[in-house]
Amino acid sequence: GAVVSQHPSRVICKSGTSVKIECRSLDFQATTMFWYRQFPKQSLMLMATSNEGSKATYEQGVEKDKFLINHASLTLSTLTVTSAHPEDSSFYICSPRTSGIDTQYFGPGTRLTVL
Amino acid sequence: AQSVTQLDSQVPVFEEAPVELRCNYSSSVSVYLFWYVQYPNQGLQLLLKYLSGSTLVESINGFEAEFNKSQTSFHLRKPSVHISDTAEYFCAVSDRDSSASKIIFGSGTRLSIRP
């Protein structure tokens, strides 16, 4: 099956700092990348969608200047949480898609804790 | 817009007992339906999916789900559960008519198996 990696798997940072999360599709090319956020004991909430080489489309209520998404290549996308605050502490999951809906896969997630 | 309702946040069952995890969806267009599983401290994995054809779909580990259009349901069932089935299960829906469709998740059901 398709392999998706995220780095780091866990990160702890101080309030006000920025954190970058990398998502790589190791054995396929992702034309579209979805970023989700999962709070404890809650479901996955879609944050944004990006296509390779294009600007990301953000869901309602998600601040585009706070959550910077770069999808520069078909195998790498990054999510940068800028000026992180404790309320940004969450589990962030990337989900690359190659073509149709049945070719969408999920990364193992990154747990962000902001102190 | 689509939405997914998982009425049961937790389902405790004894080992080797049958289980049903309920899922209902709402959509004004045709949909694809999915069940994902998240084992403790792991990422999301696709368990099974309905795209078209037979309304009964099965997974490799004994789960099955049936798409019922009239009841807008996609309940997940297993005739005999194992301890290893302990996990969080997410039902999800996607619009099949759009090339830019997003996967929308339900709130999840925590399945706990008692020996």
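Within every chain, numbering begins at 1; the chains are lettered A, B, ... in the order of the sequence lines, protein sequences first and strands thereafter. What's counted below: heavy atoms across the whole structure, side chains too, no hydrogens, waters or symmetry copies.
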Exercise for the section: Group every Ile, Leu, Val, Met, Phe, Trp and Tyr by side-chain heavy-atom contacts under 4.5 Å, then state whether B:Phe74 and B:Ile104 land in the same group. Expected result: yes

Exercise for the section: With chain B as the partner chain, list the residues of residues 106-115 of chain A whose heavy atoms fall under 4.5 Å from it, by residue number, and write 'none' if nothing qualifies. Expected result: A:Phe106, A:Gly107, A:Pro108

Practice task
Indicate yes or no: at least one non-hydrogen side-chain atom of A:Ile93 is less than 4.5 angstrom from one of B:Leu44.
Solution key: no

Handout entry: Contacting moiety of A:Leu46, where chain B heavy atoms sit under 4.5 Å
Key = side chain

Practice task
Please flag which part of A:Gln6 lies under 4.5 Å from any non-hydrogen atom of chain B: side chain, backbone, both or neither.
Solution key: neither

Practice task
With rounding to the nearest 0.5 Å, note down the distance linking CE in A:Met45 to CZ in B:Phe105.
Solution key: 11.0 Å

Practice task
Could you tell me whether the side chain of A:Ser43 and the main chain of B:Gly106 form a donor-acceptor pair under 3.5 Å?
Solution key: yes

Fill in the blank from the handout: Across all chains, not counting sequence neighbours, the side-chain hydrogen bond (donor to acceptor under 3.5 Å, both in side chains) partners of B:Arg114 are none

Problem - Positions in residues 6-38 of chain B that reach chain A, provided some heavy atom is under 4.5 Å away - result: B:Tyr32, B:Phe34, B:Tyr36, B:Gln38

Completion exercise
Looking only at heavy atoms, the pair that brings B:Lys102 and A:Glu59 closest together is NZ-OE2, 2.8 Å

Handout entry: Hydrophobic cluster identity match, B:Val4 and B:Leu76, side-chain contacts under 4.5 Å
Key = yes

Handout entry: B:Leu56, CG: over 12 other non-hydrogen atoms inside 6.0 angstrom
Key = yes

Exercise for the section: Look at the side-chain heavy atoms of Ile, Leu, Val, Met, Phe, Trp and Tyr, link any pair under 4.5 Å apart, and say whether B:Leu47 and B:Tyr50 land in one connected group. Expected result: yes

Problem - Heavy-atom check, side chain of A:Tyr105 versus side chain of B:Gln45, under 4.5 Å - result: no

Exercise for the section: Evaluate whether atom NE2 of A:His85 has more than 12 neighbouring non-hydrogen atoms of other residues, nucleotides or ligands under 6.0 angstrom away. Expected result: yes

Exercise for the section: Report whether B:Phe63 and B:Phe90 are members of the same hydrophobic cluster (ILVMFWY, side-chain heavy atoms less than 4.5 Å apart, transitive linking). Expected result: no

Problem - In one Ile/Leu/Val/Met/Phe/Trp/Tyr side-chain cluster, 4.5 Å: B:Val57, B:Val93 - result: yes

Exercise for the section: Using the test side-chain hydrogen bond (donor to acceptor under 3.5 Å, both in side chains), find all partners of A:Ser95 that sit at least two apart in sequence or belong to another chain. Expected result: A:Gln104

Handout entry: Leading residue by heavy atom contact count with chain A [cutoff under 4.5 Å; candidates B:Leu46, B:Leu51, B:Ile103]
Key = B:Ile103

